[in-house]
Amino acid sequence: MVESRARAATASLRVAAVALPWGVSPDALEVAGRSARPVMPRIPAAVSTREPFTCSSPAKGHQPGRELGASCRAGDAHSCPRGLLQLWNVRPAWKLARTCNVRPARLSEPPVRAPPRVRFAPSPTGALHVGSIRTALFNWLLARSGAGAFILRIEDTDQGRHVEGSEVQILESLRWLGLEWDEGPEVGGPHAPYVQSLRVETYRGVAEELVASGAAYWCTCTAERLAQMRAAQRAAHQPSRYDRRCLGRPEEVARERAGGTPAVLRQRIPEGRTEWVDAIRGPVAFDNAELDDQVLLKSDGFPTYHLANVVDDHLMEITDVVRADEWIPSTPKHLALYAALGWAPPRFAHVPVVLSEDRQKLSKRRGARSVLEYRDLGYLPVALVNAMALLGWSSPDGEEVLAPDQIVARFSLDRVQPSPAVFDEQRLDKLNGLHIRMLPLTRLAELLAPWLPAASDEQRLSLAPLLQERITRLSDATTLAAPLLGEVAWDETVEFPPRKVDAATAADLLDACAAAVEAGGLEDITALREQLTAMLEQRGLKARDGFRVLYVAVLGAPAGVPVFDAMRFLGAEATLPRLRRARAHLPS
RNA sequence: GCCCCGUUCGUCUAGUGGCCCAGGACACCGCCCUCUCAAGGCGGAGAUCAGCGGUUCGAAUCCGCUACGGGGUACCA
């Protein structure tokens, strides 16, 4: 379908070229010489022809063959059935007939749009990982960016796969990330209940309607027969789909059902072709002959996803279905259901899946972390949101470190990539560190509480500025702050005195520092630092090298929080023994 | 088997026929800044835009084929 349209467009362009046989000026060809790379002006000056311009942008679904007038200028407005377009890249005169391009306005964003109502519909089969919750994030972003509503619905129509406790985890994950829902479990809403197992009567009612209109029929075929049929179809290189045996024997099926034979309700897929414009992928088309007569009602009376999701999306007035791309092959079946019921279908946007490092689809089994694990590892929800948003979506201005409200302000589905992406944890780390650095100190101090259980509120507050600049995850605070909140054992494996510092200088430095601290030097650590720097420089040593002595002495390692701040935090009483202990490890 | 979706530096991406012998970010390397570590600044290395054909004066961008990857093909969602 797509191809044939494009082919037709190409054909009409050829005709246009033939129909406008003006003399080609050789001068026009000499744009910039052939020696160098021909440099064409991006937006050339206005040009005119004896014949009208033709609007040609077939690939973008643009209506070709439209006259633009005998002269045009880049930037001119041009109205065509697709909306207001802008001319750009006007071509040299010798080629105008087919190359006067127009840039279509964004197709997916009509100027006036009702606020979107979107939904996230997980099934309670386990904890949410990055792959599944990113779909929730995109839904939430679409809702918030369009002043719409974000609806949460639990799809638990498969009783067998239900995992105890996963609903609670789902709600907790969403809340932790800040993806608050406007309607759904716990918050309620006008279309309650938002749990499918509580809506079974609704689905049965719709199913009856479908039977009455002939869009669905009962089927009593056994699993064995179905398996045989599929094997045969596969062997015959045929698409595998139900052969409609029961469609041709309704009385018999009715008798069997009355006699207690288990039966399922099948959707009768109409003839023809189904296509839709996916907000992320553009036109997608299926030949209905490829489609199976989908089971709508299982023999246990529960609906399948296909029925339940269409019914609920309609009843809940969902305008945009944003879901993972594994649903693409089912979409034509859903569309057929909407048509059979006389309902207007929503827009569809199929987002790509998230892959793990080995390029396989992310899954719990392969060690994908659940969202809550990231919390327990010391990640900030805003950083996770940032990292997930950048997985498949990019900001129009290229900004990458973004708070949720900034993402909302910039979000649109047409900037979502169609290809699957690998989740990069290193990038998450980077983003997490940067977001930690943007936190107000009081907030950081609060967030640090679980990671610094031994510290008082006051201590955490004074530690916060020292830690903020150098932690990647909140959990890093525990090790970084350890030397300040407890004793430090002397570690013989740490080089002491450090490189570039001889024992005598180290001893003098420690003595001088201890003397100064004893004399109240911690009152003004800048002065103390300058005093010691001067002393080291007198001996021809750089402060950076010499101070390593103090790092090892006070923090037990050559790196850590700024050592003078550390000493001040510890106070003279705690600092002096450390300086003296280090001194004792040096020959006197 | 049949159908669908996808394919730009290691990773995430920009890119919608000339601003691209492809730009940014993470990771990596070097330098600078600096009391260490971070953060930051500057620079480096890293992509024959999956391949091949076609259209075009000109293709990462349009078309076709192929390859590879993923998904669907359930009384799972």
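Naming: A, B, ... by sequence-line order, numbering from 1 per chain.
Residues A:Val416 and A:Pro352 have side chains in contact (heavy-atom distance under 4.5 Å, counting atoms from C-beta outward). In this structure, the side chains of A:Lys333 and A:Leu291 come closer than 4.5 Å at one or more pairs of heavy atoms. Between A:Val554 and A:Val488, the closest side-chain pair of non-hydrogen atoms is not below 4.5 Å. Using a 4.5 Å heavy-atom threshold, the side chains of A:Val549 and A:Phe496 count as touching.
Residue contacts for A:Ser240: at a heavy-atom cut-off of 4.0 Å it reaches a base atom on one of the strands shown. At a threshold of 4.0 angstrom between heavy atoms, the contacts of A:Leu428 with the nucleic acid are absent. No engagement by A:Arg241 is indicated, since no non-hydrogen atom pair under 4.0 Å with the nucleic acid exists. Base engagement by A:Glu469 is indicated by at least one non-hydrogen atom pair under 4.0 Å involving a base atom. Residue-level contact check: A:Phe286 touches the backbone only, with heavy atoms under 4.0 Å from sugar-phosphate atoms and none from bases. Counting any heavy atom pair closer than 4.0 Å across all strands shown, A:Val422 reaches sugar-phosphate atoms only and no base atom. Among the heavy atoms of the strands lying under 4.0 Å from A:Trp327 is at least one base atom, whether or not backbone atoms are also near. Residue contacts for A:Ser299: at a heavy-atom cut-off of 4.0 Å it reaches a base atom on one of the strands shown. Counting any heavy atom pair closer than 4.0 Å across all strands shown, A:Pro418 reaches sugar-phosphate atoms only and no base atom.
In this structure, CG of A:Asp293 is placed 15 Å from P of B:U73, rounded to the nearest angstrom. Counting to the nearest Å, the P atom of B:C26 and the CG atom of A:Asn432 are 15 Å from each other. Between A:Phe496 atom CZ and B:U36 atom P there is a gap of 18 Å when expressed in whole angstrom units. Across the protein-nucleic acid pair, A:Leu226 atom CG and B:A74 atom C1' stand 9 Å apart, rounded to whole Å. Rounded to whole angstrom, the span from the CZ atom of A:Arg544 across to the P atom of B:U36 amounts to 5 Å. Distance A:Gln196 CD to B:C76 P: 13 Å, rounded to the nearest Å. Put simply, CE on A:Met438 is 14 Å from P on B:A39, counting in whole angstrom units. A:Phe120 has its CZ atom 12 Å from the C1' atom of B:A77, to the nearest Å.
Nucleotide B:C2 has B:G72 as its partner under the Watson-Crick or G-U criteria, with both atom distances under 3.5 Å. Nucleotide B:A39 forms no Watson-Crick or G-U wobble pair with any nucleotide shown, as no partner meets the under 3.5 Å limit on both distances. In this structure B:U7 sits in a base pair with B:A67, meeting the Watson-Crick or G-U test at under 3.5 Å.
Rounded to a whole angstrom, the distance from the C1' atom of B:A60 to that of B:C9 is 14 Å. Of the P atoms belonging to B:C12 and B:U48, the separation is 16 Å, rounded to the nearest Å. Of the C1' atoms belonging to B:C28 and B:G46, the separation is 9 Å, rounded to the nearest Å. Straight-line distance between the P atoms of B:A38 and B:C29: roughly 11 Å, to the nearest whole Å. Rounded to the nearest Å, the gap between the P atom of B:C20 and that of B:G15 is 15 Å. Annotation: B:A14 and B:G24 have their C1' atoms spaced 7 Å apart (nearest Å). To the nearest whole angstrom, the two P atoms, one in B:A25 and one in B:A67, are 38 Å apart. Going from the P atom of B:C33 to that of B:G41 covers 16 Å, rounded to whole Å.
With RNA chain B read from its 5' end, the first of the two nearest nucleotides for A:Thr533 and A:Ile280 is the one closest to A:Ile280. Nearest-nucleotide positions on RNA chain B place A:Arg234 closer to the 5' end than the other of A:Arg234 and A:Ile525.
For the pair A:Lys430 and B:A38, the criterion of a side-chain N or O lying under 4.0 Å from OP1 or OP2 is not met. Between B:G72 and A:Lys333, no contact under 4.0 Å exists linking OP1 or OP2 to a side-chain N or O. Taking only side-chain nitrogens and oxygens, A:Thr157 never comes nearer than 4.0 Å to OP1 or OP2 of B:C75. Between A:Arg230 and the phosphate of B:A74, there is a side-chain N or O to OP1/OP2 separation shorter than 4.0 Å.
Salt bridge status for A:Asp313 with A:Arg153: present, with a side-chain N to carboxylate O gap under 4.0 Å. Between A:Asp545 and A:Arg499 no salt bridge is recorded (no basic side-chain N to carboxylate O distance below 4.0 Å). Contact check on A:Asp524 versus A:Arg529 returns no salt bridge, with no Lys/Arg side-chain nitrogen under 4.0 Å from an Asp/Glu carboxylate oxygen. For A:Asp156 and A:Arg161, the salt-bridge test fails: no basic side-chain N is under 4.0 Å from an acidic carboxylate O. Taking the charged nitrogens against the carboxylate oxygens, A:Arg427 and A:Glu400 do have a contact shorter than 4.0 Å, which makes a salt bridge.
Among the nucleotides B:C12, B:A39, B:A77, the one closest to the side chain of A:Glu155 is B:A77. With B:U36, B:C76, B:A14 as the candidates, the nucleotide lying closest to the side chain of A:Arg415 is B:A14. The side chain of A:Asp424 lies closest to B:U11 when the candidates are B:C35, B:C76, B:U11. The side chain of A:Arg437 lies closest to B:A39 when the candidates are B:G72, B:C35, B:A39. Looking at the side chain of A:Val284, the nearest of the listed nucleotides B:A74, B:C4, B:A38 is B:C4. When distances run from any side-chain atom of A:Ser394 to the nucleotides B:G1, B:U7, B:A14, the shortest one goes to B:A14. The nucleotide whose nearest atom lies closest to any side-chain atom of A:Val264 is, among B:C75, B:U73, B:C4, B:C75. When distances run from any side-chain atom of A:Asp565 to the nucleotides B:C35, B:U36, B:C76, the shortest one goes to B:C35. In this structure, the nucleotide among B:A14, B:G6, B:C76 sitting nearest to the side chain of A:Gln417 is B:A14. The side chain of A:Gln426 approaches B:C26 more closely than any other nucleotide in the set B:C4, B:C26, B:C35.
Taking only distance into account, the side chain of A:Arg161 meets the base of B:C76 through a donor-acceptor pair shorter than 3.5 Å. For B:U13, its base never sits under 3.5 Å from the side chain of A:Arg427 at any donor and acceptor pair. Scanning atom types as modelled, no donor and acceptor separated by under 3.5 angstrom connect the side chain of A:Gln233 and the base of B:G1.
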- [ ] List the steps and the verdict of side chain to side chain donor-acceptor pair (under 3.5 Å) for A:Arg281 and A:His350.
- [x] CA-CA 8 Å; A:Arg281 285 148 220 278; A:His350 288 96; 5.5 Å; no
Task: Residue pair A:Tyr305, A:Asp158: steps toward the side chain to side chain donor-acceptor pair (under 3.5 Å) verdict - done: CA-CA 9 Å; A:Tyr305 170 87; A:Asp158 187 355; over 6 Å; no
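Non-hydrogen atoms lying under 4.0 Å from RNA chain B are contributed by A:Phe547, A:Tyr551, A:Pro558, all within residues 547-558 of chain A.
Note that A:Arg266 lies outside the cation-pi zone of A:Trp218, set by a 6.0 Å cut-off to the ring centre and a 45° limit from the axis.
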